[in-house]
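Notes for the one structure printed next.
As a basis for the values below, the full set of heavy atoms in this structure was taken, side chains included, without hydrogen atoms, waters or symmetry mates. These figures come from a predicted structure and were not determined experimentally.
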Amino acid sequence: MSFKIDVTLPENLAHQCVKCSACRSVCPTYSVVKQERSSPRGRLALAEAVVDGLLPLNEDIAQQWNECAMCRRCEWICPNEVEYKEIMFRARNLAMEKGASKSDPVKTAVYQGLAMTGNFLTKVSMKFAPALMETYGKLFKKDVPEYNAVFLNTGIPKYTKLLPKPTAKPFALRGKRVKPEKPKGRLLFFTGCMIDAFYGKTGESVMKLMEKAGYEVVVPENIRCCGAPQLYGGEVQLFEKLYRHNKEEIDKYQFDYVVVACPTCGGALAEEYGYPVKDFAEILEEEGYLVFRGNGESVYFHFPCHSYTAMSTNPDTYRNILKGVENARYVEGEDAMMCCGFAGYFSVSNYPVATEIQKRKVKDIEKTQAQYVLSDCPGCVFNLADGMYKHGDYKNVKVVHLADYLAERLTEEKREKEDIQEENPEGGVSSVY
């Protein structure tokens, strides 16, 4: 399969930004650093100056580009629809080609490791990971049963994190199918790296919910990482390799939609691969008849940045679902839509800034006094749990994926369409943002 991305950074793309500064109001890194060059506008100005030949491409400029979380909130608010992602991944690729980016062997290893996820070697090695993590947690008293995780203390702050214990059977979802008696359609479930390796239960929850919603679900047997981390990081050739592999595998199947429980994957599959993609929560809201019942808990939802940027999912989708859970109270924080500070390798390479963003998120959660913290992104769940353990009251706050929360509260009852319309006559809860 022939596939090649044009990595040229043309003048018309570099000159899209009109310097209005709207992006600064939503940029997580600028909110911490407070320097113009650490804002989207500043980074785009540097790209424009390099393209125009006004500035030489050096390590300092490359560093400013690499300090971006690529949350794409700037795109979400931009009145001129500047294609920030398209500019930034090309700028990062250019910096690597010209030798301006500082060498980071760990980052390279992470991107290469993700690209290998799902091959024979990773499947074999991951079989031993659950036992090793369990032993480490007990031996060094770093077990955190509240989050089914261990606290890996390396002695180096940026590499010291709360890690979820690998799922008991890594990649066990590959090749699985579920099919109700009279399916409304067929969904291809792109599980993603973190669900495959660490959050297998979340994948099972998605399949259960989609089956109950009336859909046949199939999981491809031989998919790899979607490639979004590599593309966003400027590793274009690595992304192209993953694209070719995944496209060949996915195209073996017939389906109506690709369904995801990770908006970063969903964004890449829609924007780069061109597939029709839906988040599992969108399907639940569309169907509307499933009944969920809580236990009197209060619930905070963290909106993953890529859900409303890369995937363009309406934030009200999540609000509507959670406000419809019986015997549970949805509480929304002031910064519920702000980045959590994870952004993949960003939380390591830009540790001080990422940690400050993470602390702010924990503070916002604690203000609401929520008992559950939910998100629709495995990476955000991972980072929020890490944040609550390091900076918050983790013993009294559960951090789980939205799919797991809903699957555990799913009842056998069904709503009639008349009930749904009467309860929500205007078709949704108005966003406060």
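Applying the salt bridge (charged side-chain N to carboxylate O under 4.0 Å, His left out) test to every pair with at least one member in residues 186-205, sequence neighbours left out, gives these pairs: R174-D196, R186-E216, K201-D404, K201-E408. Pairs of residues two or more places apart, or lying in two chains, that qualify as side chain to side chain donor-acceptor pair (under 3.5 Å) and include a residue from residues 144-157 are T154-T160. Here salt bridge (charged side-chain N to carboxylate O under 4.0 Å, His left out) pairs that include residues 149-160, with residues two or more places apart or in two chains, number zero.
From Y330, atom OH reaches atom CG of L374 across 9.5 Å, with rounding to the nearest 0.5 Å. Taking NZ of K176 as the start and CD of E221 as the end, the distance is 12.5 Å to the nearest 0.5 Å.
A salt bridge does not link E83 with R90: every distance from a Lys NZ or Arg NE/NH1/NH2 to an Asp or Glu carboxylate oxygen is 4.0 Å or more. No salt bridge links R329 with E297; every basic N to acidic carboxylate O contact stays at or beyond 4.0 Å.
N58 meets the side-chain hydrogen bond (donor to acceptor under 3.5 Å, both in side chains) test with no other residue; sequence neighbours excluded. Partners of K363 by side chain to side chain contact (heavy atoms under 4.5 Å, CB included), not counting sequence neighbours, listed by chain and number: K367. With sequence neighbours left out, N396 forms a side-chain hydrogen bond (donor to acceptor under 3.5 Å, both in side chains) with D393. Scanning for ring-ring contact (aromatic ring centres under 6.0 Å, His included) contacts around F301 gives F303, Y318, with sequence neighbours left out. Remark: K241 pairs with no residue by the salt bridge (Lys or Arg N to Asp or Glu O under 4.0 Å) rule, at least two apart or across chains. Among residues two or more places apart in sequence or in another chain, the side-chain hydrogen bond (donor to acceptor under 3.5 Å, both in side chains) test is passed with Q112 by none. Residues satisfying the side-chain hydrogen bond (donor to acceptor under 3.5 Å, both in side chains) criterion with S31, sequence neighbours excluded, are R360. Shown here are the ring-ring contact (aromatic ring centres under 6.0 Å, His included) partners of Y345, two or more places apart in sequence or in another chain: there are none. Looking at residues two or more places apart in sequence or on another chain, you find a side chain to side chain contact (heavy atoms under 4.5 Å, CB included) between S375 and H302, P304, C377, C380, V381, L384.
Geometrically, R177 does not engage F255 in a cation-pi contact defined by less than 6.0 Å to the ring centre and at most 45° from the axis. For the pair K278 and Y257, the cation sits on the ring face: its NZ or CZ lies under 6.0 Å from the ring centre, inside 45° of the axis.
A ring-centre distance under 6.0 Å is found for Y405 and Y372. Side-chain rings of F342 and F346 stay apart, their centers remaining 6.0 Å or farther from each other.
Taking the six-membered ring for Trp and thresholds of 30 and 60 degrees, F151 and Y389 have ring planes inclined between 30 and 60 degrees apart.
Paired with E249 under the rule side chain to side chain donor-acceptor pair (under 3.5 Å), one option of H245, K252, K247 passes, and it is K252.
Environment of CZ in F128: sparse, with no more than 12 heavy atoms of neighbouring residues, nucleotides or ligands closer than 6.0 Å.
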